[in-house]
Amino acid sequence: MLAPNRQQPAAPSHSRVPDVTLDFWLVKLMAVTTGETAADYLADTLGLGLTATSLIMTGILTTALVLQFTRKRYMPWAYWPAVVLISIVGTLVTDSLVDSFGVRLQTATIAFSVALAATFAVWYASERTLSIHTIFTTRREIFYWLAILLTFALGTAAGDLVAESFDMGYLTSGLLFGGVIALIALAYWLLSLDGILAFWLAYILTRPLGASFGDLLSRSARHGGLGLGTIFTSLLFLGCIIALVLHMTLKGDEADEILLESD
């Protein structure tokens with residue numbers, strides 16, 4: 001399940017988001033893990049609190065999205081920092097609702113599910129497609145990033161609901177979400193599940209998958225984790241993200257050079 005469409009049209013030269021490849025899923029999974037642990041580090045370990053952390057990270061995210069929207073085509077160095085930051089903000093949105101305003105995880109999960117479904121409905125009514133291969137206008141990119149934010153918020157709520165409220169633990173929760181993603185992939189490859197539906201379902205579920213394993217690594221043994229801490233875990237995955245983004249950037253530059261030489 002590397003691409004949302006079996007009959008994938010050629011992406012426009014000015015596509016603003018990446019193709020769905022193995023690199024895409026690797027960086028996305030590490031981004032959501034970083035989002036979980038970095039949010040915990042800033043709010044709890046560093047002692048900034050949810051409100052201050054949310055305001056600071058929202059400001060940084062806004063700057064990153066402005067940079068992303070000024071690009072006329074996909075550039076890894078602009079796109080992926082925005083994904084990491086929106087992962088952190090999505091986590092903080094859910095944590096703020098649950099911890100600061102007392103919203104139950106069940107309620108948050110349902111509310112974000114409805115909000116995401118409404119976003120997809122308006123997006124489709126406006127553009128007649130939800131395919132990420134067609135993100136080459138500002139309006140479509142707005143829908144895209146709004147959907148991404150809601151998938152992170154929803155994934156955080158659903159992951160915490162399963163791991164904590166249902167008392168399944170981080171490892172079991174991670175394996176559960178990983179198993180569901182595997183079933184979606186099998187349905188796509190073997191049962192002709194619609195590619196766009198398969199992509200968005202997998203995109204949503206990689207959030208609680210990454211968050212579960214992020215918590216498993218960072219939380220103390222007393223809380224069901226391995227005790228590596230939020231600093232080490234965040235830096236570990238952030239370093240991997242930087243290495244992969246650098247690799248994709250260099251690979252993209254080489255492809256551009258080949259195209260120029262062929263012209």
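What you see is a predicted model, and the numbers here were worked out from it, not measured in a lab.
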_Distance-only polar pair, side chains of Arg207 and Thr151, donor-acceptor under 3.5 Å_ = no
_Validation row: Arg139, Ser126 side chains within 4.5 angstrom (heavy atoms)_ = yes
*Linking I/L/V/M/F/W/Y whenever any side-chain heavy atoms sit under 4.5 Å apart, do Val180 and Phe112 land together?*
yes
*Specify whether Tyr79 and Tyr74 have parallel, tilted or perpendicular ring planes, treating 30° as the upper limit for parallel and 60° as the lower limit for perpendicular.*
perpendicular
*Criterion side chain to side chain contact (heavy atoms under 4.5 Å, CB included) on Leu191 and Leu186, from CA distance to verdict*: CA-CA 7 Å; Leu191 302 177; Leu186 288 175; over 6 Å; no
*Which distance, rounded to the nearest 0.5 Å, do you find between the OG1 of Thr33 and the CG of Leu217?*
8.0 Å
*asked:* Strictly distance-based, threshold 3.5 Å: is any side-chain N or O of Lys28 a donor or acceptor partner for the main-chain N or O of Tyr203?
replied: yes
*Tell me, please, which residues at least two apart from Leu146 pass side chain to side chain contact (heavy atoms under 4.5 Å, CB included).*
Thr119, Leu150
*May I ask you to decide if Ser131's main-chain N or O and Thr134's side chain share a donor-acceptor pair within less than 3.5 Å?*
yes
*Kindly work out whether a path of hydrophobic side-chain contacts (I/L/V/M/F/W/Y, heavy atoms less than 4.5 Å apart) joins Ile56 to Ile231.*
yes
*Looking only at heavy atoms, what is the nearest atom pair of Leu85 and Ala64, with distance?*
CD1-CB, 3.5 Å
*Does Leu50 offer a backbone N or O that forms a donor-acceptor pair with the side chain of Ser54 under 3.5 Å?*
yes
_Just verifying a value: how many Å separate Phe143 CZ and Ile148 CD1, rounded to the nearest 0.5 Å?_
14.0 Å
*If you look at every heavy atom in Thr206 and Val32, which pair is closest and at what distance?*
O-CG2, 3.3 Å
*Establish, from distance only, whether the side-chain atoms of Thr37 and Thr233 form a donor-acceptor pair under 3.5 Å.*
no
*Relative to each other, are the rings of Trp123 and Tyr144 parallel, tilted or perpendicular (30° and 60° limits)?*
perpendicular
*Find out whether the Lys NZ or Arg CZ of Arg140 is both under 6.0 angstrom from the six-membered ring centre of Phe136 and within 45° of the ring's axis.*
yes
*Nearest heavy atoms of Leu216 and Leu171, plus distance in Å*: CD2-CD1, 4.0 Å
*Which distance, rounded to the nearest 0.5 Å, do you find between the CD1 of Ile60 and the CG of Leu65?*
12.0 Å
*Nearest heavy-atom neighbours spanning Ser113 and Leu154*: OG-CD1, 3.3 Å
*Take Phe24 and Thr21 through the test side chain to side chain contact (heavy atoms under 4.5 Å, CB included) and record every step on the way to the result.*
CA-CA 5 Å; Phe24 174 94; Thr21 62; 4.0 Å; yes
*Rounded to the nearest 0.5 Å, how far does OG1 of Thr156 lie from CD of Glu36?*
6.0 Å
_Between CG on residue Leu205 and CG on residue Leu201, distance to nearest 0.5 Å_ = 6.5 Å
*asked:* Are Leu149 and Val114 connected into the same hydrophobic cluster when the rule is that any two of I, L, V, M, F, W, Y join if their side-chain heavy atoms are below 4.5 Å apart?
replied: no
*asked:* Between Tyr124 and Phe120 (judged by ring centroids, cut-off 6.0 Å), do the two rings come close enough to count as a pair?
replied: no
*Quick one: list whatever passes salt bridge (charged side-chain N to carboxylate O under 4.0 Å, His left out) with Arg219, sequence neighbours left out.*
Asp40, Asp215
*Check for a donor-acceptor pair, side chain of Thr94 on one end and backbone N or O of Ala153 on the other, with a separation under 3.5 Å.*
yes
_If hydrophobic clusters are built by linking Ile, Leu, Val, Met, Phe, Trp and Tyr wherever their side-chain heavy atoms come under 4.5 Å apart, do Trp145 and Leu67 end up in the same one?_
no
_Donor-acceptor contact below 3.5 Å, side chain Ser234 vs main chain Ala38_ = yes
*Quick one: does Ser218's side chain have a donor or acceptor within less than 3.5 Å of a partner on Thr230's backbone?*
no
*asked:* So, using salt bridge (charged side-chain N to carboxylate O under 4.0 Å, His left out) as the criterion, who are the partners of Asp95 when residues are at least two apart?
replied: none
Give the table of side-chain donor-acceptor pairs shorter than 3.5 Å for residues 100-111, with sequence neighbours excluded, one pair per line with atom names and distance.
residue : atom : partner : partner atom : Å
Thr109  : OG1  : Leu105  : O            : 2.8

_Do Met30 and Val84 make a side-chain contact, defined as non-hydrogen atoms from C-beta onward lying under 4.5 Å apart?_
no
_Minimum heavy-atom distance between Gly49 and Thr53, given as atom pair plus value_ = O-OG1, 2.6 Å
_Donor on one side chain, acceptor on other, Arg16 and Thr138, under 3.5 Å_ = yes
*asked:* Run the side chain to side chain donor-acceptor pair (under 3.5 Å) test against Ser173 and tell me which residues pass, sequence neighbours left out.
replied: none
*asked:* Let me check something: do Ile88 and Phe232 share a hydrophobic cluster, defined by ILVMFWY side-chain heavy atoms less than 4.5 Å apart, either directly or through other members?
replied: yes
_Phe177 to Ser212 - nearest heavy-atom pair and separation_ = CD1-OG, 4.2 Å
_Go through it in stages, so that I can follow the logic: the residues are His247 and Asp23, the test is side chain to side chain contact (heavy atoms under 4.5 Å, CB included), and I'd like the CA-CA distance, side-chain angles, deciding distance and then a yes or no._
CA-CA 10 Å; His247 166 71; Asp23 285 345; 4.0 Å; yes
*Where do Leu116 and Trp200 land on the side chain to side chain contact (heavy atoms under 4.5 Å, CB included) test, with the steps shown first?*
CA-CA 11 Å; Leu116 181 58; Trp200 283 112; over 6 Å; no
_Taking side chain to side chain contact (heavy atoms under 4.5 Å, CB included) as the definition, give me every residue that meets it alongside Ile242, ordered by chain and number, with sequence neighbours left out._
Leu238
*asked:* I want to check something: taking the side chain as every heavy atom from C-beta on, are Thr91 and Phe152 in contact at a cut-off of under 4.5 Å?
replied: no
